[in-house]
Enquirer: 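Before we start, here is the structure in question, set down as structure tokens.
Sequence lines set the chain letters: A, B, ... in the order given, protein chains first and strands last, and positions in each chain run from 1.
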Protein chains: 2
Amino acid sequence: MPHLLLKDLPRYECLLEAAKEFPDLDPSAAEAFLHLLRTGDEAFGVTERHFAAHHISQGRFGVLMLLWRGAQPRMGAAAADGIGCGPRTPAELAEAAGVTRATMTGLIDTLERDGFVRREPDPSDRRMLLVQLTAKADKFLRGFMPGHFRSVAAVMDTLGEGERKTLVRLLVKIQRQVSALKAGDPSAESSAAR
Amino acid sequence: MPHLLLKDLPRYECLLEAAKEFPDLDPSAAEAFLHLLRTGDEAFGVTERHFAAHHISQGRFGVLMLLWRGAQPRMGAAAADGIGCGPRTPAELAEAAGVTRATMTGLIDTLERDGFVRREPDPSDRRMLLVQLTAKADKFLRGFMPGHFRSVAAVMDTLGEGERKTLVRLLVKIQRQVSALKAGDPSAESSAAR
DNA sequence: GGCTGACCGTTAGCTTCCTAATCATTCCCG
DNA sequence: CGGGAATGATTAGGAAGCTAACGGTCAGCC
């Protein structure tokens, strides 16, 4: 499990009580927020057990997925020139994965040590490397993915199609709000601050 | 931000395409799952920037909250004997926070180094320590919390009361499903496996 | 009264993330 | 064409999580 999170979320009545002391505390917002983090963490934990059983971590899996997606032969228009074939260099991988290049160096290190990727020099720019999936990685992923998909499906099995759509809609709304906050959009501030 | 997560989620059509190759892949489940993890991470990131501005981490904040909650004088029934006054020893804190005792040792180390807590021997059991919040921590929290609550409220500001209730309901449903999966409940398996 | 087992906190060593600094290479501009 | 500026990968060091193993302390049972 990734981060320290209170195991027992404060009950709603406690939030109401605390809001008396802190006018900035919005009880229903806090409740939704805590449940969001908590549930994300729990769901993550389910897949992590499957990861651990195959001796791979979330971070390394993400890199493999990125490379795998890029390695799929493209049927579409821009197939020949390799445009859009996914990230290949450590810097591109770091960008796509949302980690720093230093972190990506470490991930590629262990992936290479375990024989899942190869570093090869870029023939056209000697600053760069090209990261290649090995056959071993391909074989590993083909064995690993079905179980992973079943884990994901098991977690969401409790929701019907309509509920899933509703959930995604609400989550996307929150994502947009977070993006607006990051961009410093003043209209995205809490209404309590207006 | 906590963990490596694909910045660009695969589009739904890509999931549909991939499902042709992997029968275990449930596209709507995968979509909801990815959005859940991604949104939790994004929301977490918003508060984390506020944490970083005050030179504190999520983990240390959690410990302070636990101690603070425990330090509040109880108005209720069981006030006199100290029952229910919250965790005090490192082991209790670790249990409540959902981390190992070893991790809690490290957290208390840095918290003590920074003057937020004190370790004191338990007079009745020499194996144990009692962790005490300092006045500095109390002052810090009183200054920190309002901004934290505003961050949380800002993230959720985009949802109305009804949407928040719906979101919490769906999240709680997922949490229950995860608990059932952890307990090995066979009826909680994916319907695809039945 | 003294073992034995259980529990407490800590230590040691691993992983994966981060930032900051370093070094090689390429690009651009005068 | 020569010299910054920008870009790419790496290294070093730190934080926060984990497991495993340790020594100190208590408690229960012969």
Side-chain angles (χ1 to χ4, degrees), chain A residues 1-7 41 44-45 48-49 51-64 87-114 117-131, chain B residues 1-7 41 44-45 48-49 51-64 87-114 116-132:
Chain A
M1 310 277 184
H3 24 54
L4 182 147
L5 229 39
L6 273 34
K7 274 182 80 174
D41 221 49
F44 179 78
E48 213 173 36
R49 282 182 298 161
F51 284 143
H54 288 75
H55 306 103
I56 192 149
S57 75
Q58 178 83 4
R60 295 167 52 169
F61 173 72
V63 177
L64 293 181
R88 278 282 187 283
T89 71
E92 285 168 355
L93 289 167
E95 167 66 20
V99 298
T100 62
R101 287 181 307 202
T103 297
M104 190 52 65
T105 295
L107 284 169
I108 296 172
D109 279 349
T110 70
L111 248 13
E112 190 167 37
R113 182 197 63 194
D114 295 349
V117 303
R118 267 192 313 273
R119 282 180 168 100
E120 293 177 6
D122 183 321
S124 70
D125 187 337
R126 279 190 291 172
R127 287 173 303 180
M128 294 197 240
L129 297 177
L130 295 178
V131 182
Chain B
M1 310 278 184
H3 25 58
L4 182 148
L5 228 39
L6 272 35
K7 274 184 83 175
D41 222 48
F44 180 78
E48 213 172 36
R49 282 182 299 161
F51 283 144
H54 288 74
H55 306 102
I56 193 148
S57 74
Q58 180 83 3
R60 296 168 53 171
F61 173 71
V63 177
L64 293 181
R88 278 282 188 284
T89 72
E92 285 169 355
L93 288 167
E95 167 67 20
V99 298
T100 63
R101 287 181 317 207
T103 298
M104 190 51 64
T105 294
L107 285 170
I108 295 172
D109 279 349
T110 69
L111 247 15
E112 190 167 36
R113 181 197 63 195
D114 295 349
F116 285 129
V117 303
R118 266 193 312 273
R119 282 179 169 102
E120 293 177 6
D122 184 320
S124 70
D125 187 337
R126 278 189 292 172
R127 288 174 302 182
M128 294 197 237
L129 296 176
L130 297 178
V131 182
Q132 296 277 344

Enquirer: Would you indicate which nucleotide in D:dT25, C:dT25, C:dT11 comes nearest to any side-chain atom of A:Asp125?
Expert: C:dT25
Enquirer: Check whether any side-chain nitrogen or oxygen of A:Ser57 sits under 4.0 Å from OP1 or OP2 of C:dT15, and answer yes or no.
Expert: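 Checking C:dT15 against A:Ser57, no side-chain N or O comes under 4.0 Å of OP1 or OP2.
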Enquirer: B:Val63 and side-chain contact (heavy atoms from CB on, under 4.5 Å): which partner among B:Leu111, B:Val117, B:Val131, B:Val99?
Expert: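 The single option meeting the side-chain contact (heavy atoms from CB on, under 4.5 Å) with B:Val63 is B:Leu111.
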Enquirer: Counting only side-chain heavy atoms from C-beta out, which of D:dG24, C:dT25, C:dT16 sits nearest to B:Arg127?
Expert: D:dG24
Enquirer: Between D:dT10, C:dT16, D:dA16, which one does the side chain of A:Thr110 approach most closely?
Expert: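 Between D:dT10, C:dT16, D:dA16, the one nearest the side chain of A:Thr110 would be C:dT16.
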Enquirer: Which whole-number value in Å describes the distance from A:Arg88 CZ to D:dA9 C1'?
Expert: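 Taking CZ of A:Arg88 and C1' of D:dA9, I get 18 Å after rounding.
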Enquirer: Report yes if at least one side-chain N or O of A:Arg101 is closer than 4.0 Å to OP1 or OP2 of C:dA21; otherwise report no.
Expert: no
Enquirer: With rounding to the nearest 0.5 angstrom, report the OG1 to CD distance, A:Thr105 to A:Glu112.
Expert: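 CD of A:Glu112 is found 11.0 Å from OG1 of A:Thr105.
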Enquirer: For B:Met128 and D:dT25, give me the distance from atom CE to atom C1', rounded to whole Å.
Expert: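 After rounding, the reported distance stands at 10 Å.
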Enquirer: May I ask you to verify if any side-chain N or O of B:Thr105 is less than 4.0 angstrom from the OP1 or OP2 atom of C:dG9?
Expert: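 So the side chain of B:Thr105 is outside the cut-off, no N or O lying under 4.0 Å from OP1 or OP2 of C:dG9.
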Enquirer: Of the listed nucleotides (D:dG17, C:dC17, D:dC26), which one gets closest to any side-chain atom of A:Thr103?
Expert: C:dC17
Enquirer: Between A:Asp41 (CG) and D:dA16 (C1'), how many Å, whole number?
Expert: 14 Å
Enquirer: Taking CG from B:Leu107 and P from C:dG9, how many angstroms apart are they, rounded to a whole number?
Expert: 14 Å
Enquirer: Side chain of B:Arg60 only, heavy atoms from C-beta on: which candidate in C:dT26, D:dA16, D:dC26 is closest?
Expert: D:dA16
Enquirer: Once rounded to the nearest 0.5 Å, what's the spacing between atom CD of B:Glu92 and atom CD of B:Glu95?
Expert: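 Those atoms lie 9.5 Å apart.
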Enquirer: I need the CZ-C1' distance between B:Phe44 and D:dA16, as an integer number of Å.
Expert: 11 Å
Enquirer: To the nearest Å, give me how far apart CG (B:Leu93) and P (D:dA16) are.
Expert: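 In whole Å, D:dA16 P and B:Leu93 CG are 16 Å from each other.
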Enquirer: Evaluate side chain to side chain contact (heavy atoms under 4.5 Å, CB included) for B:Leu129 paired with B:Asp122, printing each intermediate quantity in order.
Expert: CA-CA 5 Å; B:Leu129 296 176; B:Asp122 184 320; over 6 Å; no
Enquirer: Check every atom of D:dA15, D:dG17, C:dC17 against the side chain of B:Arg113 and return the nucleotide holding the closest atom.
Expert: D:dA15
Enquirer: Taking for each residue the nucleotide of DNA chain D with the nearest heavy atom, is it B:Ile56 or A:Asp109 whose nucleotide lies nearer the 5' end?
Expert: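 The residue closer to the strand's 5' end, by nearest nucleotide, is A:Asp109.
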Enquirer: Checking contacts here: which listed nucleotide (D:dG17, C:dC17, C:dT11) is nearest the side-chain heavy atoms of B:Ala102?
Expert: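 Nearest listed nucleotide: C:dT11.
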Enquirer: Report the distance from atom NE2 of A:His54 to atom CZ of A:Arg60, rounding to the nearest 0.5 Å.
Expert: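 Answer rounded to 0.5 Å: 13.5 Å.
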Enquirer: With DNA chain C as reference, determine whether A:Thr100 or B:Arg119 sits nearer its 5' end, using the nearest nucleotide of each.
Expert: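 This one resolves to B:Arg119.
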Enquirer: With the side chain of A:Leu129 defined as its heavy atoms from C-beta on, choose the nearest nucleotide among D:dC18, D:dA9, C:dT10.
Expert: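 Among D:dC18, D:dA9, C:dT10, the one nearest the side chain of A:Leu129 is D:dA9.
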Enquirer: How many angstroms lie between atom CG of A:Leu64 and atom CD1 of A:Ile56, to the nearest 0.5 angstrom?
Expert: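 With rounding to 0.5 Å, CG (A:Leu64) is 5.0 Å from CD1 (A:Ile56).
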Enquirer: Within this structure, what is the CG-to-C1' distance between A:Leu130 and D:dG8, rounded to whole angstrom?
Expert: 12 Å
Enquirer: To the nearest Å, give me how far apart CD1 (B:Ile108) and P (D:dA15) are.
Expert: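 Distance check: B:Ile108 CD1 to D:dA15 P gives 17 Å.
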